[in-house]
There are 2 protein chains.
Amino acid sequence: MTKNCNFIEKLREVGLRPTKQRVKMCEVLFNREKTFHFTINDLVKMISEKMSEKISLATVYNTVHAFEKKGYLKEISIDSHKSYFDTNISAHHHFFDEDTHELIDCDESDIDPVNIKKNITGKKIKSVEILIKVASDNQTQK
Amino acid sequence: MTKNCNFIEKLREVGLRPTKQRVKMCEVLFNREKTFHFTINDLVKMISEKMSEKISLATVYNTVHAFEKKGYLKEISIDSHKSYFDTNISAHHHFFDEDTHELIDCDESDIDPVNIKKNITGKKIKSVEILIKVASDNQTQK
DNA sequence: AACATACATTATAATAATTCTAAACTATTG
DNA sequence: CAATAGTTTAGAATTATTATAATGTATGTT
């Protein structure tokens, strides 16, 4: 697998040693065409399925957060009960399907740029995020 | 206090019995000019200060969620660690000050309406929320 | 290749936020 | 004012996350 070399490089860039747990994590996270949204729990399950050995929760938390800090993952907050992470780190917005609890990326072309006319004195805008909650018609709003 | 009568009515509308704990909660929540943002913890503290008797955490959680369900409060998700609630239940957006952890309402006039060109088949848009994170210039992005 | 060392992993304990439970209490209705 | 249906409460249970400390491992040096 030439892919693994990329992952090892990536880990090095981030300042993490390429251990087998971390390389496996990278495979799950970054070895895909499409953007990938997940919770820590999802991730632990997926890694466990892909690996004969066990991976500890703590390792997953630590490594995910290390990636987040360095900008390889983005956290998306939908409600107070769930942290979603996103492998698409460009500035973009989301749909959240309340029926399936699925997160869907918006393309840049899906939403016109937001025009903010107010600013807080002495403060800089760090990010602008739009979350569009959707549900099937018969569903009541949360 | 004529105000308390309103709160008793309000509680009745929501289908809750107007007990003294709940009336006190209403005073803290709704007896103000300006929008009010709070976490459950903030709220418990504020109520305790206003009341000689203790109020239990469980009661605050239950009542806040009852109000939320009925649309008298709105939950705002900033990060996975904190639930903020908002007494301003109209559709509106927020600034979040990463330095002070303060939530600030946007007026309707502060942000142009969002134009969404994509839609998810079979799904209806339930809400559109913009969160603008700000911090002082020397602060690094979270 | 073996070593030393710094960094990782792990299971488990600790913490924090929230929800559940069951017993005691209270507003409401008749 | 008594019966009852709904409330409050303290504390236990649960869940997500973080910290800890002992053990294990990747890495650069030799």
Side-chain angles (χ1 to χ4, degrees), chain A residues 4-5 7-28 38-45 47-48 50-70 73 75-85 101 142, chain B residues 4-5 7-28 37-48 50-70 73 75-85 101 142:
Chain A
N4 277 4
C5 299
F7 298 148
I8 290 170
E9 261 173 52
K10 189 164 207 160
L11 286 164
R12 286 245 164 76
E13 276 169 36
V14 171
L16 294 173
R17 282 189 186 163
T19 63
K20 57 174 174 304
Q21 286 88 346
R22 284 177 178 160
V23 171
K24 199 52 101 174
M25 270 189 69
C26 285
E27 281 178 33
V28 174
F38 62 95
T39 65
I40 298 278
N41 260 337
D42 296 340
L43 189 56
V44 171
K45 258 187 228 144
I47 296 170
S48 302
K50 279 211 164 193
M51 253 204 327
S52 45
E53 299 127 275
K54 247 196 94 178
I55 189 166
S56 121
L57 242 190
T59 303
V60 178
Y61 272 102
N62 294 339
T63 309
V64 163
H65 287 147
F67 276 133
E68 194 211 346
K69 208 187 223 166
K70 295 287 180 172
L73 290 174
E75 186 173 2
I76 295 144
S77 184
I78 274 82
D79 61 39
S80 41
H81 299 267
K82 255 183 180 162
S83 268
Y84 284 84
F85 290 88
H101 285 200
K142 201 223 132 158
Chain B
N4 276 4
C5 297
F7 298 148
I8 289 169
E9 262 173 50
K10 188 163 207 160
L11 285 164
R12 287 246 163 75
E13 275 171 36
V14 170
L16 294 174
R17 283 191 186 163
T19 63
K20 58 174 176 301
Q21 287 87 348
R22 285 177 177 160
V23 172
K24 199 52 103 173
M25 269 189 70
C26 284
E27 281 178 34
V28 174
H37 299 113
F38 63 94
T39 66
I40 298 278
N41 260 335
D42 297 340
L43 190 54
V44 172
K45 257 186 228 146
M46 299 179 78
I47 296 170
S48 301
K50 280 211 164 193
M51 253 203 326
S52 46
E53 298 128 275
K54 248 196 95 179
I55 189 167
S56 121
L57 243 189
T59 302
V60 178
Y61 272 103
N62 295 340
T63 309
V64 163
H65 287 146
F67 277 133
E68 194 211 346
K69 209 187 222 163
K70 296 286 181 170
L73 289 173
E75 186 173 2
I76 295 144
S77 183
I78 274 84
D79 61 40
S80 39
H81 299 267
K82 255 182 181 164
S83 271
Y84 284 83
F85 291 88
H101 285 201
K142 201 220 130 157

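These values consider heavy atoms only, across backbone and side chains, with no hydrogens, waters or symmetry-generated copies. Within every chain, numbering begins at 1; the chains are lettered A, B, ... in the order of the sequence lines, protein sequences first and strands thereafter.
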Value in whole Å for how far the [atom2] atom of [N] lies from [atom1] of [X]:
X	N	atom1	atom2	result
A:Leu16	C:dC7	CG	P	12 Å
B:Phe67	D:dT7	CZ	C1'	14 Å
B:Asn62	C:dC25	CG	P	19 Å
A:Ile55	D:dT25	CD1	C1'	15 Å
A:Gln21	D:dG24	CD	P	13 Å
A:Ile47	C:dT10	CD1	P	10 Å
A:Lys24	D:dA26	NZ	P	15 Å
A:Glu53	C:dT9	CD	P	12 Å

At under 4.0 Å, does any side-chain N or O of [X] touch on OP1 or OP2 of [N]?
X	N	value
A:Thr59	C:dA8	no
A:Tyr61	D:dT18	no
A:His65	D:dT17	no
B:Ser83	C:dA17	no

Of all the nucleotides listed (C:dT18, C:dT10, D:dG11), which has the minimum atom distance to the side chain of B:Ala58?
-> D:dG11
Please check if the side chain of B:Arg22 supplies one atom and the backbone of B:Arg17 the other of a donor-acceptor pair under 3.5 Å.
-> yes
Regarding B:Thr39 and B:Asp42, is there a side-chain donor-to-acceptor distance under 3.5 Å anywhere?
-> yes
Pairs: protein N or O with nucleotides 27-30 of chain C N or O, under 3.5 Å:
from	atom 1	to	atom 2	distance (Å)
C:dT28	OP1	B:Arg12	NH2	2.1

Where each residue is assigned the nucleotide of DNA chain C containing its nearest heavy atom, which of A:Arg22 and A:Leu57 is assigned the position nearer the 5′ end?
-> A:Arg22
Is it true that B:Glu9 and B:Arg12 have a side-chain N and a carboxylate O under 4.0 angstrom from each other?
-> no
Give, for atom CD1 of B:Ile55 and atom CE of B:Met25, the distance between the pair rounded to the nearest 0.5 Å.
-> 6.0 Å
